[in-house]
Structures are given as C-alpha cells and as structure tokens.
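This report refers to the structure that appears directly beneath it.
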Amino acid sequence: MSDQCMIHHNPFVSLSLSLSVGDITQKGYEKKRGKLLAPYIPQIQGKQLTRIDSKSSRNARRLPPRRHRVRAPRPNKQRIDHLHTEAVQAALAKYKERKMPMPSKRRSVLVQSSVEACTPPDTSSASEDEGSLRRQGRIASSSPYQAHPSVEHWFNRVIQGSSTSSSASSTSSHPGGRPHHATNATSASAATVLADLMAHTQLDNHSAPPDVTGLSERSVHAERPQVASMRGLPRRYTHTSIMETADGVPVNSRVSSKIQQLLNTLKRPKRPPLREFFVDDFEELLDDPNQPKPEGGEMRPLSGEPLGVVTNWPPSLMASLQRWGTTQPKSPCLTALDNAGKPVYTLTYGKLWTRSQKLSYTLLNKLSTRNEPLLRPGDRVALVFPNNDPVMFMVAFYGCLLAELVPVPIEVPLTRKDAGSQQVGFLLGSCGVTLALTTDACQKGLPKAQTGEVVTFKGWPRLLWFVTDGKHVVKPPKDWHPPIRDTSNEIAYIEYKTSKEGSTMGITVSHSAMLAHCHALTQACGYTEGEIITNVLDFKRDAGLWHGVLTSVMNRMHVISIPYSLMKVNPLSWIQKVHTYKARVAVVKSRDMHWSLLAQRDQRDISLSSLRMLIVADGANPWSISSCDAFLNVFQARGLRPEVICPCASSSEAMTVAIRRPPEMGVPPPGKAVLSMSGLSYGVIRVDTEEKLSVLTVQDVGQVMPGALVCVIQVEGTPYLCRMDEVGEICMSSNSTGISYYGLPGMTKNVFETIPVTSSGAPISDRPFTRTSLLGFIGPDNLVFVVGKMDGLMVVSGRRHNADDVVATALAVEPMKFVYRGRIAVFSVSVLHDERIVVVAEQRPDGSEEDSFQWMSRVLQAIDSIHQVGVYCLALVPANTLPKAPLGGIHITETKQRFLEGALHPCNVLMCPHTCVTNLPKPRQKQPGTGESCVYVLQWRAQATPDHPLFLLLNAKGTVANTASCVQLHKRAERVAVALMERGRLNTGDHVALVYPPGIDLIATFYGCLYAGCVPVTVRPPHPQNLTTTLPTVKMIVEVTLISECRTCCLPWPSFTSQSTETLAHPCDQSVLFNKSYVLLYVISRLCFKKKCNLGLSYISAYQHILGSPVYLTVVLLKFLRNVNLSCVRTCMVVAEERPRNTLTQSFSKIFKDLGLSSRAVSTTFGCRVNVAICLQGTAGPDPTTVYLDMRALRHDRVRLVERGSPHSLPLMESGKILPGVKVIIANTETKGPLGDSHLGEIWVSSPHNATGYYTVYGEEALHADHFSTRLSFGDTQTVWARTGYLGFLRRTELTDASGERHDALYVVGSLDETLELRGMRYHPIDIETSVIRSHKSIAECAVFTWTNLLVVVVELEGSEQEALDLVALVTNVVLEEHYLIVGVVVVVDPGVIPINSRGEKQRMHLRDGFLADQLDPIYVAYNM
C-alpha cells in the first residue's frame, strides 16, 4: 500500500485536525467519530463488550522478554494511538456512577470565576511547554508490527491490573455525632454525572458520582454496595438526608447530605500502603515485599567511538571565526526572520568577524569608571537579548569571547516580578556581573524608573546597560588585533539552569570543553562546510546554542533561525524554510513537530526530501515518540525518510550525551522498547505488551557521543553501578562537559566529580564523571534509552513517577477539549514525610463548573489506573494565569511556589488526601482498664505483643543473663499461681512473702501471686555474710505483714516514694497506685492584696486576636486613660476556664506598661463551675513557669517534656499555685483511678468551697451526682471529689517562692468536652486551630469540630474571596504535617461567623449545628475526597 493510501485511509487524523482548525463543530466531530468507532467501541446499552478480532489478539506478536528490538514505524501507527485513547475513555466510562459531593460556592465566587475566565488572547502556546505537550494518541505507542488488539482485551487487562486506592480514615467520632449510613440507591441527573474519585476493589465498582448541587428527581439505575439503612427510614430515600445536631435537633440540609456522600466514598476497601504505618516519626518502615527487584548482572561502562583527528582542525573557536571571517567573508552565517517569516538580515562571516572585533575593542578600551577600565579579561558580562534577534546575540557572544570576557546569557526581564527573575538576579550577583549588553530596541522596552534609567529588578545587582548597536561601538585601530589563543581550561561562558527547587545556577563551560563539544557534534552529526541548518530552538542555551551558534561557526554552516514569535503565528514556518532553503539539518523539539501537524493541510507543495537529519532535541522525553511517529506518518508522503529523525539526549551539565546517528554512518537501526510503568516506578526494567494501558513505549536516543564514557549509577546514596535491568542516573565522562556550578563548590563536587564504583566498592575509572540528571538504561546494540529526568522525578511511597508521564495521562483523558492549549503543570510537594502529587491545569474560558469536576474526576481515575498512584490535589486555574517560562511554557517552580504560598488563586480545586496519604501514624489502640490490679494488662500484652521483650537481666560482666518477653512472663506467672493454689492451698487475700533478690524470678512470682488472688509482700533476702543483722529484719517484716489485720499493708517492689505517693511502674507504662497512696496536699500562704488597691481583682475576658496589635491599642487606650495610674495594682488575675493564653497576657502587660502596670502583677488563675477558685499565681510567688510538651505524646494522654523549639513542641504556662485547703488529683477519665506524673488526666478537686450541684437538673440525675460528688475507683476511696471536666497534670516547678520553697503547679491543657477523638487519639481543638491560623495571612480565625468521624475546619477569610480556594490546600497540608490528621471538610466563611461567648471562648458546637443546618452562608465548602 502506498504512502498516499495510508494517509487517505487514516480518518482519525483528518477528523481530529478538522476539529482543531475549526472545519467542523464539536457536535459534528462526535457524530463522525461515533461512526468511525462503531466497529471497535461497543454501544453500551446494557450489553456486554464484544470482541472485535480475537484472532488478531491471539496472533499479535510480542516483544521478546530480554530484547528491545528495532522496528520501523508503520503508517497505521496514528490510527492505533487514537484507538488506544478511545479505549482508555471507554474504560473510564465503564466506571459505575457513585455520588460524590461537589464543593459549594457562593454565587459571588462563581461570578468572579466566570469573569476571570474571560482572559485576553493568549500570548503563548502550549507548544512552548515541553511538559505540557499534547501527545498524539494514548499513553503508550503501539508497536508497528503488532496486530491491533481488541478493546475488550485492553479493558480486561485494566480490570485485572488495576489496584484499589488506599486511605486511612478516622476510627472514632465526636461524642455528639452519630454515624449514619446511606441507602443503596439514590437519584441523580444523568447530565450531571461526576466520575468517581476513589478507586474500589474491582473496576466494575468504580462509579461516576453526580453533581449533588443540582438535585434531580430522575434516577439513574446503578448498582450500589449494600449498606445498613437507618432505623425508621426506608431503603430508598431522597438526596436530603435526615441527621441530628449535637442537641438532637433533626437536620434536613444539603450539607449533611454531602457529608454523608463523602463518608460513603471512604467506606471502601483500601489499597494496602507500600510502606507500613509509622509510630511517631517513622520508627518502623517496611517496603512492599512484592516489589520487583533487579535481576541482571552489573553493567559495564559504555564507550563512544574515538574522537577523530582532523589535520586542519582549528586550535580554538576564535581561530575558526577568524579563519572564516577573513577567507570566506561573504559566506552566509545566520539569517534572521521577522514575524511574517521574511528574512530581515543575513549575517555573513565577514560581518560577524568585524562586528565582533568592534564590540570587543569597545568593551575593553572605551568603558571606564574613574579612569579605570570597567572590564578586565575574565570578568562576567550579562547578555540580555530577545528571542527574535539572534544576529545581535551572536555578535555580542563572540565579541565577549574575543575580549576574553565571560558571557552569561539570560532572558529579557519584562516586569519587576517575572517568574524566576529574582533567582536570575542572585546568579548575576554571585557572578559579579556589573555590565549587561542588549539592543537598542530591547533597552527601550525595559521598565524604567522616574529618572529614565532601567529599573533595578528584584534581587538583581545594580547593572550598567550597554547597547551593542552600530552607533555605540567604536572601530578599532588598524594595529589592534584581538588575542587569538589556543584552548585552555579557563571559563568560556556560563549557561544558567533552573533546578527542581527553583534556584538558578550557572554552569561554567571552559574553552577546551566548548571546542571538544563542537568537535564531537561535528563527528556525530556528520556536519560539513556550507551546510544549511534550520534552528527552531532558543539560541541562548542548550542545543540551540550548541548547534546554531557554536558548531555552526566551527563548520562554516548557514543557520536559518526561526523566532518563537513566528512559530506562534505559523507553526509550519520551520518546515517551509526547510523546503525553501533546501536545509540539510533541522534542530527542533517534539512540540514543534506536533504543532506543525495542525497547519500541514494548508501547504501541499512542501518537500522535506533535502533533510538528512531531523534532530529532536528533547528526544529524552519518553513521550516524544508519539510526536515523532505522528509527524512521520503525515510527512512521509512529502519526502521525509524514517531514518532522518534523530532524537538526542542532553543536559545542561553534560551537554550532549547521546544522539542517533545519520543513516549514512552505518550505525544499528533505531530501537523501541515497551516497558511496564509499574516496573519503572520501582526502578527496574520489565518488558511488557502494548495491549496494556500501564505501559511506556520509549525510543532510543542513539549512541554515546564520540570520546565519551557513559555508565548508569544508583539515583541515591553511593554511586554504585546499576544492574543491566535497572534504571538509574546516566553519568558521562568526557572532555566536552561543563566543569562546575559557579560559586558552588559543594554541589560541584557532587555533580561534576562523581566517581562511580562497582558493587565491591572499587572505582571504575580514575576519571571523574558528570551526572546528567537523565534517568535511563543501556539497551541492546549499546543504544541509550531515557525514561525520565531527575527534575521531573516524584518519589511517592518509595515509587518513582515522572511528571511528564502524568501530564500525558491527564491530556489523554480529554485531548485538547477541556485544558486550555494543553497547559498542565505537575509537581510534588512534601507533606507528612512523603511527596504528594499536585496537578494544576488551565481550563478553557468556556468551561462550566460541571465540566470542570467531570474532567477532574476522570483524570484522577486515569492516573490511578495507569500509574497506581493517587493525586493529592487537582486544581484548575483560569486560562493564561499560570506563570510563564521565557518561551511561554509553564514555569513549574513558580507555580509550585504560588501553590505553597496560597497565591495560585484557582477557580476549582479538589483535594484527595484519603487516596494518597497512606503513611499516617498507626491508630492508637485502647488498652484495657487496669482496675485494681495489673493482671489484665499482662494478659493483654501476652496476646497483643507476645514476643515483645519486657525485661533484660544483666550479670556482673554486663552481658545478658536472662530475658523475659510478654508471653514468657505470663506463662511463668500462671505456673506460679497453679503452684500456690494446688501445693500451698492458699486462698484469695492471703499474704505471700517473696524473698527473692532483684531479678526476673521476683517479677514472675509477683505476677503469679496476683494471678492467684494473693497479696505479694516483697522482702529483700538476708545477706549471707551478715545474717545476724539482716535476718531479724526479714522475720519482723514477715510477722507484721502476715499477722496484721491491715488488709492494705503491702509493699510492692519495685516502687518509689514521691510526695507521699507510692507508685508501681508497670512495664507497659501503666502506673497503678495502691491504697497507701495519698493525694498531694498543697498548703500555701494566703495571698494578700493592698488595702488601698484601686483594682483589687480584675476580671479579664477578651477575644484572643483583639490584642493582636499592641501598638495600635496602646495609642487608643492611652488617649482615654491619660490620668490613670496602675502602679498600685498588685495582682491582676486573668480568669479563664481553659488553657492560659501566653500571647494574650504578654500583650496585655505590654499595652498597659506605660500606665504603670507591672508585668508581674498580671497573673493567671484557674476556676470552673464546680470550684471557682482552684489555683492562683500570686505576686509573692515566682514567675509562672512555662514548659514545652511533646504534642505527639499529648495525643496519647502522656506528658513528655521537650526543649524549647523542638519539633512538635507545645508551650504551656502554669495556671498557678493551688489555693489553701484545696486538694487536686489527676484521674483517669474512664477508670476513675489516680494517674502518675507522666499521664494526662482529668483534674479532680476537693475543697470546702466546692459547688454541690445544679439548682435545676434536666436529664439523668446520676450523671450530675457523679459530676459533683465522685470517688476514686481505687486508692483513696473515701475522699469526695468534684470533676472539673478539664484535662491537665501536676508538676513541681524548679523556681522557688519568697520562702525558698518549690511549689507544685497545675497545668491546664483543655476542656474534656472540647477534645476530638480521632484515630484513637485525643486532640485539642486549640492546637489544630493555631496551626491553621498560622498557615496563611488571610485567615483571621479558625474553629474545628468533628462530624461522623470527619474533621471539619472552618476558617474566617479576612481578604478577597479570590483567596478562598487557596486556603483549602494550605489547611489540609498544615493539619497533615503537624497533627497527622486528614481534613474531611474545609469551610471558608466571612469574618465574625464563628460564634464566641462573652468570655472570648469559641462555641464550636453551635458552629457545628449551624454548618449542618446550612446557615453559615459559606464562601466555599471543599469536601476532601
């Protein structure tokens, strides 16, 4: 079949291109596409998918398991790609519909988003973005020689290979919340079906949840998992669920319905995490045992062909310029084009030589300051030239080289806040740049100050701008000649590079490396004198500079430079110039090949037969193969030969690494490999079949450069050589690489001076290697394959994912239909000790809210199915709002920075933390109550952790003599108990003397006595060398304890006495206090006040953030209180029924300091309803002590002190000294037993001025009696206590009072009723709220509460409503990072919505009831999926 026939019989290409150029409407496209796909895509009308050609699937050829063989592309490749795309969409459409809550927006936000969507025409195109290129076809390129597999076969593969999502949901709810279950069927509009966001165990359980904001009565028949129905309600009911508030009031609202739908999505089997749960900062991490491991042998370094020796090769690039400028002055060097594609100027080699001489003479001799030359040889000079003026740039570049100056090419700054401009300024400052060269037109276009001079850009050093046009340069004298020296290791030029973190670094290239690189490119590409090359790339850096400015001069080549502005207007311009000038070589990127396809129908007289090399500069991008194959399919009929396409791999550090050679050099044919993406995520190579969706088809990038030595090393850690089937970072040793990062010796040593070693640790060579930042492997026939870059690498749960792969997957869901010009940014952010994937896309201006979430949900499903990874956040922004790179692409680093700072301003956002956060701390398991003994604790530990070692017995030499685990101690105790009851015939309550030395035997018999119900009495054995003294003591103890009638006279060992308190420290950290324990009694001297005190007691109750600005309040208060003197105030007590506010008291003292109020006069106090005066910090005592607690331990009701500034530290100020006559004890809230010093418990108080009860009791009287009159379950069971309802602890301070004695301070942590029980741990709302308020400057106030196991965060936005959606990701991030909790719902409201009582305390329960009743009028409500 001829090539013309191939094009004619490929209707999918013509159909898509017709839609792109506007020849047909979207409706017509859908209709024609349906007809074309009728033989392949089954019509889903309740029928099963039918096989198209089962025989072709069975007979399909597959790649050998160990070979990546070369196959020439076939013309039906494009058709296969389109069918692959449709197969993915059919698989997504197969997902059954499941309701998911859509976020709620205030109408003003909707209007604002629609206005913002109407952006001006784009000044750029997605073609500039290497990562946002729309790939032709689907995720994997099909093998040319492989028969087309059926759609059903693909679909079955997805079902078998898909894995479920993982999440970690809460384990308990707020006491006031009751979980309800949804019924098994609901009604939804078929037009508002929203694709499911959470993967289920089987693919047929995936669903497309509808937009629940538009409630419809029409029902869509979809299968639902059987769940329990609510009592009193039928199995089927409408959208509006019936819930109750905390007060039992039924709620019939849209909000409660959405929350229930969100809960339903979380009640699914979870994908097992790749890493095991960690307990408080990754104490234990386990890898996936089923992950594939590399099995091949260790690779060997690969050498390129020797660098040829040329007799007339010039000694330097400057010598070559001098040679051509004097011997071939009229030979064309560079042709520049205008925006219409017409040549505006052709620079000859003679002009280049003379104009470069003029500029070099002017720079060295005509620029001076204070009679001193401004520049000296070796100084760095910035080259600031626009992308449409290659002639002036080339003159300036060679002028600097002739003057022995170091050019630093950078982009033209358009505004003072350009993306990445500050980092470029840092590079210029570190290089010591004081002069910038530019053109007259560019200089006039730069922003000016009021003085008319160019402004100083943010972060830039102060520069002197010099225009290099003809009238500003001076002709040198006839006797002046620039120095033409041989190559050296001195710096020739500095090329900038932006790292993954956003920093800009300067890569230094020496004169010798520049010449060696030109030599290697000339040999690899077969360049000859006088050849014509078309350059579409940026001529200031990378391949555009290497081919179009340096190597071209070395070989006297004629460069046709295509400006980027012309490519935007006419994407076919470079092909037209190849045809017009009969160019032999073209240097392009895959984006240029793709966009040229859209306009190729307008030009039918184009011929590419003159091309011998089509260099694809970004051939290292794995997805460039789609553009290459699609371009070949279209233009093969116009003279393009398949062997002409030559992808290459390069990096800024190593420059060109590998390039596919022209066919005339007799190299092996090109190769193609179909790899498993799952294997690649683990860093191993596994050949797969193309009929799967989760495969990656990559093409080789040719052979290693001449004179280079290449190896593949481990990505992290010691640079060990990789195995043959392992993916690693490609390293290269050559004379043509960069030499350093300017001014960064540490990073230079790590990147440019790497020494790869074998598995035994021996270095493979004495030559240093340069890391290329390319991830790949060496395939058959010594071909280099690249599967990704380090800059786009995202390591999620130990698996590697490439940002370009995720972009291609997102674009394949709805190609060019929803995303504006294919502009998608994918990056990762670090949250909770792991990287999380964030996808940001520009949506088309005409996109609706429904279309947005439809596309977002389908993208989440596709990424989960193809890459087996969850997306943390998916955000949509209006068109043309993402920061742009110099050539118009998306500036990834700046986008990431805006996302983290809350300055992205998305119009739609979807957070999915439940899907991708799989490393939450292990949920706390409630331990059984100890009651009156610790027998149950040991029995529980013997079952829960049987092999956990409890005790180690060391001998005199320090070695382990004996051990006892939980189960061993339990069994030994059982044997002792049996012996006591059978042989000793003891009864319950009998006393048993344990005469043992300290050791495991003593502990085992101690528990044995408890098992038997006996009372153990530990007695130290008599000393064998002093029996006369020690034996009577033993006899006396035995007689007293066994004869005495005191039933509580037991002496447990080991025990310690502290403040008249005997405590048995159990190995599982459960402290058990015996009956001999006494409550600490605090007796302090009465606090006296001055008789003439104008303000004896001051009751302060204020909003916490009211005193946020002491300067302003000081001015206002002092204006009205000029004659007030507070120096007589001795004590000003701050009364609050909660944790003391450090910031509030400090701000208050600072404000009234000018009125004479002493800072020591402001003191804290604590009281509550059961006792209004429990403790007080008087002036006679020391300053209040502040301790720092570990918040992670506090969640487990443990008190662990840390140093100030420690991670997860919480400052807590003491509430004061306990008043005279008041007894305080810390009790367990469940067992009502006393707790030790290291435990957090409820504060119980006993004093003569305790309250006796409520005047009127509503409800059960027993609860109120227990509240005001309760007793300990063991210990001091006689004292009557009142329960304060607040959690706290007691601690003896280190500071002494006036009498020189230390006092015991009471620390109040928070209210018991306000605590949140999540994942078995206790959280205090104020801690979460403090973190949220700190996350963004526009958050004025915050309140959190729980509802049916979901954490709801309500934030007050003090700023523009445009920032509302920015807060969703920031709130989710900070709560995950600092509190290990997943936020279920984020509610953004206006200031003042959160209710606060007269004492300044937040009324969270009222807020919860108002939210569930849909009474808050929120700006935005986000339901994190």
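One is the number of the first residue; the rest follow in order along the sequence. Values below: all heavy atoms of this structure, side chains included; hydrogens, waters and symmetry mates excluded.
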Less than 3.5 Å apart, any donor N or O on the side chain of [X] or [Y] sitting next to an acceptor on the other?
X: Asp1190; Y: Ser1209; value: no
X: Tyr872; Y: Asn1373; value: yes
X: Thr1185; Y: Glu1214; value: yes

Do [X] and [Y] have side chains that get closer than 4.5 Å, going by heavy atoms?
X: Leu1381; Y: Leu1376; answer: no
X: Val1385; Y: Val1353; answer: no
X: Phe1289; Y: Asp1197; answer: no
X: Leu1357; Y: Asp1390; answer: no
X: Val1245; Y: Lys1223; answer: no
X: Leu1212; Y: Tyr1188; answer: no
X: Phe1268; Y: Val1170; answer: yes
X: Phe1411; Y: Trp1347; answer: no

Requested in this report: Tell me, please, which residues at least two apart from Leu1407 pass side chain to side chain contact (heavy atoms under 4.5 Å, CB included).
Outcome: Ala1343, Phe1345, Val1354, Ile1394, Pro1395, Leu1416
Requested in this report: Using the test side chain to side chain contact (heavy atoms under 4.5 Å, CB included), find all partners of Leu1312 that sit at least two apart in sequence or belong to another chain.
Outcome: Thr1229, Glu1242, Leu1287, Thr1315, Arg1322
Look only at the side chain of [X] and the backbone of [Y], and say whether a donor-acceptor pair between them is shorter than 3.5 Å.
X: Thr1372; Y: Val1368; result: yes
X: His1336; Y: Ser1338; result: yes
X: Asp1366; Y: Leu904; result: yes
X: Arg836; Y: Val831; result: yes
X: Glu1377; Y: Leu832; result: yes
X: Ser1238; Y: Val1199; result: no
X: Thr1231; Y: Asn1228; result: no

Interatomic distance, [X] atom [atom1] to [Y] atom [atom2] [nearest 0.5 angstrom]:
X: Glu1363; Y: His905; atom1: CD; atom2: NE2; result: 5.5 Å
X: Leu1176; Y: Thr1165; atom1: CG; atom2: OG1; result: 5.0 Å
X: Ile1243; Y: Leu1290; atom1: CD1; atom2: CG; result: 7.5 Å
X: Glu1230; Y: Ser1273; atom1: CD; atom2: OG; result: 11.5 Å
X: Leu1351; Y: Arg1319; atom1: CG; atom2: CZ; result: 12.5 Å
X: Leu910; Y: Cys912; atom1: CG; atom2: SG; result: 4.0 Å

**Report entry** Pairing of Lys1402 and Glu1329 as salt bridge, 4.0 angstrom limit
**Finding:** yes
Report task. Could you give me the CA-CA distance, side-chain angles and deciding distance for His1379 and Arg1195, then say whether side chain to side chain contact (heavy atoms under 4.5 Å, CB included) is met? Result -> CA-CA 9 Å; His1379 303 280; Arg1195 298 166 194 155; 3.9 Å; yes
Closest approach of [X] to [Y] (non-hydrogen atoms, all atoms of both residues):
X: Ile1382; Y: Pro913; result: CG2-CG, 3.5 Å
X: His914; Y: Val1383; result: CE1-O, 4.2 Å
X: Gly1241; Y: Leu1235; result: CA-CD1, 3.8 Å
X: Leu1365; Y: Pro906; result: CD2-O, 3.5 Å
X: Pro1391; Y: Glu1356; result: CA-OE1, 3.6 Å
X: Leu1318; Y: Tyr1323; result: O-CE1, 3.8 Å

**Report entry** Test: Arg1192 cationic atom under 6.0 Å from Tyr1380 six-membered ring centre, within 45° of axis
**Finding:** no
Requested in this report: Tell me, with the steps shown, if Cys873 and Val909 meet side chain to side chain contact (heavy atoms under 4.5 Å, CB included).
Outcome: CA-CA 7 Å; Cys873 177; Val909 65; 3.7 Å; yes
Report task. May I ask you to check whether over 12 heavy atoms, not counting those of Glu1358, lie within 6.0 Å of atom CD? Result -> no
Report task. Carefully, step by step, assess Glu1378 and Arg1334 under the rule salt bridge (Lys or Arg N to Asp or Glu O under 4.0 Å). Result -> CA-CA 12 Å; Glu1378 298 185 8; Arg1334 195 173 58 245; 2.8 Å; yes
Query - Test side chain to side chain contact (heavy atoms under 4.5 Å, CB included) applied to Val1344 and Val1352, step by step - result: CA-CA 6 Å; Val1344 300; Val1352 182; over 6 Å; no
Query - Partner of Asn1250 by side chain to side chain contact (heavy atoms under 4.5 Å, CB included), out of Ile1174, Asn1171, Val1222 - result: Asn1171
Query - Trp1244: which of Ile1226, Thr1284, Thr1270 passes side chain to side chain contact (heavy atoms under 4.5 Å, CB included) - result: Thr1270
Query raised in the report: Could you go step by step and tell me if Leu1240 and Arg1198 meet the side chain to side chain contact (heavy atoms under 4.5 Å, CB included) rule?
Result: CA-CA 5 Å; Leu1240 179 70; Arg1198 299 291 188 272; over 6 Å; no
